[in-house]
Enquirer: 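Sharing a structure with you now.
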Protein chains: 2
Amino acid sequence: MSPQHRRRRIPDATVARLPVYLQLLNERMAAGVTNLSSEDIAALAAVNAAKVRKDLSYIGTYGTRGVGYDVEYLVYQISRELGLDHEWSVVIVGAGNLGQALGGYGGFNVRGYPVAGMFDIDETKVDTVVGGVRVKHLDDLPKVVAQQQVSIGVVATPAEAAQDAADRLVRAGVTSILNFASVVLSVPLGVTVRTVDLGVELQILSYHEQRRVAAATGLRPVADEAPSGRSA
Amino acid sequence: MSPQHRRRRIPDATVARLPVYLQLLNERMAAGVTNLSSEDIAALAAVNAAKVRKDLSYIGTYGTRGVGYDVEYLVYQISRELGLDHEWSVVIVGAGNLGQALGGYGGFNVRGYPVAGMFDIDETKVDTVVGGVRVKHLDDLPKVVAQQQVSIGVVATPAEAAQDAADRLVRAGVTSILNFASVVLSVPLGVTVRTVDLGVELQILSYHEQRRVAAATGLRPVADEAPSGRSA
DNA sequence: CGACGCTCGTGCGCACATTCACAAAGTCGT
DNA sequence: ACGACTTTGTGAATGTGCGCACGAGCGTCG
Ligand SMILES: NC(=O)c1ccc[n+]([C@@H]2O[C@H](COP(=O)([O-])OP(=O)(O)OC[C@H]3O[C@@H](n4cnc5c(N)ncnc54)[C@H](O)[C@@H]3O)[C@@H](O)[C@H]2O)c1
Ligand SMILES: NC(=O)c1ccc[n+]([C@@H]2O[C@H](COP(=O)([O-])OP(=O)(O)OC[C@H]3O[C@@H](n4cnc5c(N)ncnc54)[C@H](O)[C@@H]3O)[C@@H](O)[C@H]2O)c1
């Protein structure tokens, strides 16, 4: 493909860690810390220091040898790289149990993802107010997405309705979807989907629990550790 | 019980996909399907067919050449491998916005993770009933964990309290933690932590959105697609 | 009952990710 | 101004995961 000036592509694994660094840098900054070494950051993020340096090197060389990284500047650079220099409006589809928790969750606004609208098909849910946002009928989705320039949609419907919800979001113009339903969504190329499935998470945990039990039962001298989540 | 089957270590990437296969196999089984090829499963899971076969090969050779996989048998085998042949009680720490949504969520019981207790420090939350479970004071955590053989804990407290909650869970004997707070938890070796951070997910999405915008602006000849979540 | 077609299981090479290890580049004290 | 010390940035080594491609086995049909 295009050889040279192709914008340094940041590896997926790194993209997934940058928000974690950002979070903890913000936290330290709030605590008055102005400088941190890769070693410090690594300790806080429970990862290898070399990994931290390599990750940060993808977005530029903002460290100072012998000193470390200026926290404020680094926060700025990571934020910019993640596209946090402006707000991204989101819409939430499904105003049930989870949808209401999400709508009432302050974190969206704080982090720069204002909730532009919540949608449901259940008439009893429509026009209720959740977290200061009035629930609208799903049919109003296209209008809101267009008017408010929404590019991120959250799917919080039952699994059976999730694909329909995703289809509507895509049709309305949304190009990123955060899906909480236990289904694999099918979307056209060019649309990014991330699924957060509680059941999957629990099953991954119970897999490890099960191994642990098997090991303890003395069947095998298993000794490995630190799987997918973080340990320390 | 555990078969004499020499238990190889299953790659993390595979462990993370098995629950997805399981979910969709259950769904197809409910629809009356008795047999599926790796190609079929791959289409449903939006992954490569060879990957499906390799994943399944880690848990045994349960397919039939020329035919495919018997859905029911495969469901049984995956379930066994994930430790779903018995129930895993969970406790939820933090009965706020999210904790209540989780407590009221039927999915826990359905999937074999009965909620053995919900805990909070806020006296106004204690003794309220969420999803049929009475919220108890955090001080009662050790007793419940011990009595009900709980090995999985869910952290749904504010970020500031999450480390404390994790410490208490670990001290009580919990060895797997599902963390919803935006912090990197520090736990002793031998304890598995998985963090689900809404902010991280949104930031990963906005990173991709941002690239997309940059690409559209014609500044860079970016052409790649299908990042970390699933597309199709 | 043998040939054929289908699909599994897996060896192999490639790409991506992680970690090590060290020169380069800075700071700090004298 | 210089040497001792610290910490970055990155090549190279190692580890992990992915997907092609193909042999092996099973079922079917003539
Ligand atoms: N509640 C939780 O704590 C929790 C946790 C993890 C995952 N989830 C998942 O999140 C999803 C929602 O869970 P919930 O507990 O909020 O369920 P819920 O039944 O309480 O809410 C679902 C809402 O979606 C609405 N809905 C149904 N079909 C729709 C459609 N086609 N378009 C728009 N809205 C529609 C319903 O009217 C309802 O208000 C489920 O897939 C569930 O598995 C929930
Ligand atoms: N609400 C959401 O939709 C949502 C979504 C994603 C992530 N989260 C995260 O989940 C966590 C909880 O969010 P929330 O909206 O439920 O907050 P919340 O404030 O509604 O609830 C927090 C609860 O934790 C309790 N608590 C505080 N300190 C505690 C302690 N030391 N031990 C036990 N309980 C304690 C509080 O009394 C309160 O009931 C936060 O970290 C948040 O970032 C929430």
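Just so we're on the same page: letters track the sequence lines, and every chain starts at 1.
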Enquirer: Determine whether A/L56 and A/I78 satisfy the following criterion, side-chain contact (heavy atoms from CB on, under 4.5 Å), listing intermediate values before the conclusion.
Expert: CA-CA 8 Å; A/L56 295 180; A/I78 296 179; 4.1 Å; yes
Enquirer: In whole angstrom, give the distance that lies between atom CD1 of A/I10 and atom C1' of C/dC16.
Expert: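 Atom CD1 in A/I10 sits about 15 Å away from atom C1' in C/dC16.
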Enquirer: On the nucleotide C/dC16, are OP1 or OP2 found under 4.0 Å from the side-chain N or O atoms that A/Y58 carries?
Expert: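 For A/Y58, the contact criterion (side-chain N or O under 4.0 Å from OP1 or OP2 of C/dC16) is not met.
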Enquirer: Between D/dT8 and A/S38, is there an OP1 or OP2 to side-chain N/O distance shorter than 4.0 Å?
Expert: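 Answer yes for this pair, as a side-chain N or O of A/S38 is under 4.0 Å from OP1 or OP2.
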Enquirer: Between B/R17 and B/D55, does a salt bridge (charged side-chain N to carboxylate O under 4.0 Å, His left out) hold up when you go through it step by step?
Expert: CA-CA 8 Å; B/R17 279 189 297 270; B/D55 284 343; 2.6 Å; yes
Enquirer: We want to know whether B/T192 and A/R212 form a side-chain donor-acceptor pair, criterion being a heavy-atom distance below 3.5 angstrom.
Expert: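 A/R212 and B/T192 do have a side-chain donor-acceptor pair below 3.5 Å.
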Enquirer: When you match A/Y69 and A/K54 each to their closest nucleotide on DNA chain D, which lands nearer the 5' end?
Expert: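 It is A/Y69 whose nearest nucleotide is closer to the 5' end.
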Enquirer: Starting from P on C/dA17, measure out to NZ on A/K51 and report it in whole angstrom.
Expert: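 These atoms are roughly 11 Å apart.
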Enquirer: Look at B/R53 and C/dG9 and indicate whether a side-chain polar atom (N or O) is within less than 4.0 Å of OP1 or OP2.
Expert: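 So the side-chain polar atoms of B/R53 never come under 4.0 Å of the phosphate oxygens OP1 or OP2 of C/dG9.
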Enquirer: Write down the distance between CD1 (B/I41) and P (C/dT7), rounded to a whole number of angstrom.
Expert: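 Interatomic distance, CD1 of B/I41 to P of C/dT7: 12 Å.
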Enquirer: What are the two closest non-hydrogen atoms of A/N35 and A/D70, and how far apart are they?
Expert: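 Smallest heavy-atom distance, with atoms named: ND2-N, 4.0 Å.
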Enquirer: Between D/dG17 atom P and B/L18 atom CG, what is the distance in whole Å?
Expert: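 Atom-to-atom, B/L18 to D/dG17, this comes out as 13 Å.
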Enquirer: Among the candidates C/dT27, D/dG27, D/dG17, find the nucleotide nearest to the side-chain atoms of B/P11.
Expert: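 So the side chain of B/P11 is nearest to D/dG17.
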Enquirer: Could you tell me the separation between the OH atom of B/Y62 and the C1' atom of D/dC26, rounded to a whole number of Å?
Expert: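 B/Y62 atom OH is separated from D/dC26 atom C1' by 19 Å.
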Enquirer: Round to a whole Å and report the spacing from CG of B/N48 to C1' of C/dC16.
Expert: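 Between C1' of C/dC16 and CG of B/N48: 16 Å.
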Enquirer: Please report the distance, rounded to the nearest Å, between CD in A/E39 and P in C/dC20.
Expert: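 The answer, rounded to whole Å, is 11 Å.
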Enquirer: Using a distance-only criterion (donor-acceptor N/O pair, under 3.5 Å, no hydrogens), is the base of D/dT8 paired with the side chain of A/R65?
Expert: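 Present.
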Enquirer: To the nearest Å, give me how far apart CG (B/N35) and P (D/dC26) are.
Expert: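 Rounding to the nearest Å, CG of B/N35 and P of D/dC26 are 15 Å apart.
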Enquirer: Closest-nucleotide mapping onto DNA chain C: is B/L56 or A/A50 further toward the 5' terminus? I mean the 5' end.
Expert: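 Its nearest nucleotide lies further toward 5', so the answer is B/L56.
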Enquirer: Taking all non-hydrogen atoms of both residues, which atom of B/R80 and which atom of A/Q210 are closest, and how far apart?
Expert: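 Looks like O-NE2, 3.2 Å.
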